[in-house]
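Here is the structure we will look at, set down as structure tokens.
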Amino acid sequence: MTLPIFLVGARGCGKTTVGQALALAQGCQFIDTDFWLQETSQQTIADIVARDGWEAFRARETDALKAVTAPARVIATGGGIILSEYNRHFMREKGIVVYLCAPVAVLADRLEAFPEEGQRPTLTGKPISEEVSEVLALRDALYREAAHHVVNAAQSPDQVVSDIEAALQLARAS
Ligand SMILES: Nc1ncnc2c1ncn2[C@@H]1O[C@H](COP(=O)(O)OP(=O)(O)OP(=O)(O)O)[C@@H](O)[C@H]1O
Ligand SMILES: O=C(O)C1=C[C@@H](O)[C@@H](O)[C@H](O)C1
Ligand SMILES: [Mg+2]
């Protein structure tokens, strides 16, 4: 059985982008909890949060995580999935968790170029660079706590995929 691979990390670290490429390289199915949630509810994340609030969104995100978890899948998660202790334990127990780690400047540049506000409503009401810095400072330890592997996500998507595959291979061999 091939365990599911969960990609975790901050908004803009490339979970969706790298996840698609990794799934292709591994011959796995690709699933994204943000896409799944928006498709099944027929609402954007911004709409869900505006109507029901962040707490309701977080509960639905946990439901999405449980619903999409299956063998032979690469699962790109939402940037805040690690806020829940339940989700952190669930991912570690059910599969292999990879933290795509990138510095604030890289994340902020990507998010400024492609804000996608429907999927990424503001978390703090602050400008992007300030928000990324503040949120990453609070979450970095949680990403690390959840992760079996940490990779440098400031590289090209192909290089990030290669690094993940190398880490998985090394772990299998040991
Ligand atoms: N390794 C990379 N190199 C250059 N650009 C990248 C890389 N990874 C992602 N990007 C770009 O950064 C933007 C955000 O990437 P992506 O949507 O994959 O991030 P994410 O981690 O899934 O974010 P979210 O948590 O909001 O779902 C996209 O426009 C994407 O093209
Ligand atoms: O970092 C976050 O808290 C979020 C990241 C996105 O992937 C979405 O899951 C949502 O906008 C929340
Ligand atoms: Mg994504």
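Here, residue 1 is the first one in the sequence, and each next residue gets the next number. Computed over heavy atoms, backbone and side chain alike; hydrogens, waters and symmetry mates excluded. Note that the coordinates shown come from a computational prediction; the quantities given were computed from them, not determined experimentally. Numbering of ligands and ligand atoms starts at 1, following listing order.
Protein residues lining ligand 2, listed by chain and number: R11, D34, I45, W54, F57, R58, E61, G78, G79, G80, Q119, R120, P121, L123, R139 [non-hydrogen atoms, distance under 4.0 Å].
In this structure, R73 has no salt bridge (Lys or Arg N to Asp or Glu O under 4.0 Å) partners at least two apart in sequence or on a different chain. Not counting sequence neighbours, R92 has no partner by the salt bridge (Lys or Arg N to Asp or Glu O under 4.0 Å) test.
Between V160 and ligand 1, no N or O atom pair is found at a separation short of 3.5 Å. Looking at V18 next to ligand 1, no N or O pair under 3.5 Å apart turns up.
Close approach of ligand 1 to S156 is summarised as follows: ligand atoms under 4.0 Å from at least one heavy atom of the residue are 1 (N). Set against the non-hydrogen atoms of D34, the atoms of ligand 1 under 4.0 Å away are 27 (O).
Protein N/O/S atoms closer to the Mg ion (ligand 3) than 2.8 Å number 1 in this structure.
Of all protein heavy atoms, the one closest to atom 5 (N) of ligand 1 is R110 NE, 3.6 Å. The nearest protein atom to atom 18 (O) of ligand 1, hydrogens excluded, is given as T17 OG1, 2.6 Å; this is a heavy-atom distance. Scanning the protein heavy atoms around atom 23 (O) of ligand 1, the nearest turns out to be G12 N, 3.0 Å. Of the protein's non-hydrogen atoms, F114 CD1, 3.0 Å is the one closest to atom 29 (O) of ligand 1. Protein heavy atom nearest atom 1 (N) of ligand 1, with residue, atom name and distance: Q155 O, 2.8 Å. For atom 27 (O) of ligand 1, the closest heavy atom belonging to the protein is Q119 NE2, 3.1 Å.
Nearest-residue assignment for atom 17 (O) of ligand 1 (options K15, E116, R120; heavy-atom criterion): R120.
Between K15 and D32 there is no salt bridge, since no side-chain nitrogen of the basic residue lies less than 4.0 Å from a carboxylate oxygen of the acidic one.
At a 4.0 Å heavy-atom cut-off, ligand 1 touches A10 through the backbone alone. Contacts of D32 with ligand 1, taken as heavy-atom pairs under 4.0 Å, are absent altogether.
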